[in-house]
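Counting convention: from 1, in listed order, for ligands and their atoms alike.
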Amino acid sequence: MKVYEGKLVADGMKVGIVAARFNEFIVSKLLSGAIDGLTRHDVKEENIEVAWVPGAFEIPLVASKMAKSNKYDAVICLGAVIRGATTHYDYVCNEVSKGVAHVGLETGIPVIFGVVTTENIEQAIERAGTKAGNKGYDCALSAVEMVNLLKEI
Ligand SMILES: Nc1c(NC[C@H](O)[C@H](O)[C@H](O)CO)[nH]c(=O)[nH]c1=O
Ligand SMILES: CC(=O)[C@@H](O)COP(=O)(O)O
């Protein structure tokens, strides 16, 4: 039986990160976690590039441009969508998740979904480096693993 698993080693990897500025208090923590996760797995800081977008809704377009640029082995998408008083939350979440998934499938480049979608600020804080960990760090490891996995299969 043959089993494929991506190794958690950088091997000269180049990573693009798209970060949404909306709820920047949260997203900055996700970004720090992602950079920490990448560098702890030997991705060189000079091989990490960050693009800031206004909000999560704008992530897929920039993720697409990064993925198609042939500059990056993986793209990590970071944002924080926190429910407000209207249905706007649902539209933003749906479009960013569908858009990010589409970019990965369209380009064959691992595009990692690191957008926290929460009911309230407390849930977002918990996922940005407190009791529920740091989703940015988790996404970094997913990116490294996926790049190496796709090289194997
Ligand atoms: N409410 C949140 C937004 N809303 C802004 C949209 O993402 C978008 O920038 C705007 O509709 C213009 O196209 N964005 C977040 O990232 N998080 C939110 O909680
Ligand atoms: C996720 C959102 O778009 C949300 O924060 C916007 O808040 P509201 O629904 O109160 O306009």
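The distance criterion of under 3.5 Å between nitrogen or oxygen atoms is met by Ile82 with respect to ligand 1. At least one N or O atom of Ala56 sits closer than 3.5 Å to an N or O atom of ligand 1.
Across the listed options Phe22, Phe57, Tyr89, Tyr91, Phe22 owns the non-hydrogen atom lying nearest to atom 18 (C) of ligand 1. The closest non-hydrogen atom to atom 17 (N) of ligand 1, taken over Ala19, Gly55, Ala80, comes from Ala80.
Under 4.0 angstrom from ligand 1, the non-hydrogen atoms of Asn23 all belong to its side chain.
For atom 9 (O) of ligand 1, the nearest protein heavy atom (residue, atom name, distance) is Glu58 OE1, 2.7 Å.
Side-chain heavy atoms closer than 4.5 Å link hydrophobic residues (I, L, V, M, F, W, Y) into clusters, and following such links, possibly through other members, connects Val43 to Leu31. Note: the hydrophobic cluster containing Val18 does not contain Leu141 (ILVMFWY, side chain heavy atoms under 4.5 Å, direct or indirect links).
Take Phe22 and apply the side chain to side chain contact (heavy atoms under 4.5 Å, CB included) test, not counting sequence neighbours, and it matches no residue.
Using a 4.5 Å cut-off on side-chain heavy atoms (C-beta onward), Asn47 and Val15 make no contact.
Contact shell of ligand 2 (protein heavy atoms, cutoff 4.0 Å): Val81, Ile82, Gly84, Ala85, Thr86, His88, Tyr89.
Counting non-hydrogen atoms of other residues, nucleotides and ligands closer than 6.0 Å to NZ of Lys7 gives a total of 12 or fewer. Counting heavy-atom neighbours within 6.0 Å of Glu5 CD, excluding the residue itself, gives a total of 12 or less. The environment of CG in Leu149 is crowded: more than 12 heavy-atom neighbours from other residues, nucleotides or ligands sit within 6.0 Å. Atom OH of Tyr137 sits in a crowded spot, with more than 12 heavy atoms from other residues, nucleotides or ligands closer than 6.0 Å.
One N or O on the side chain of Asn134 and one on the backbone of Lys29 form a donor-acceptor pair closer than 3.5 Å.
Interface of His88 with ligand 1, defined as ligand atoms under 4.0 Å from a residue heavy atom, comprises 4 (N), 11 (O).
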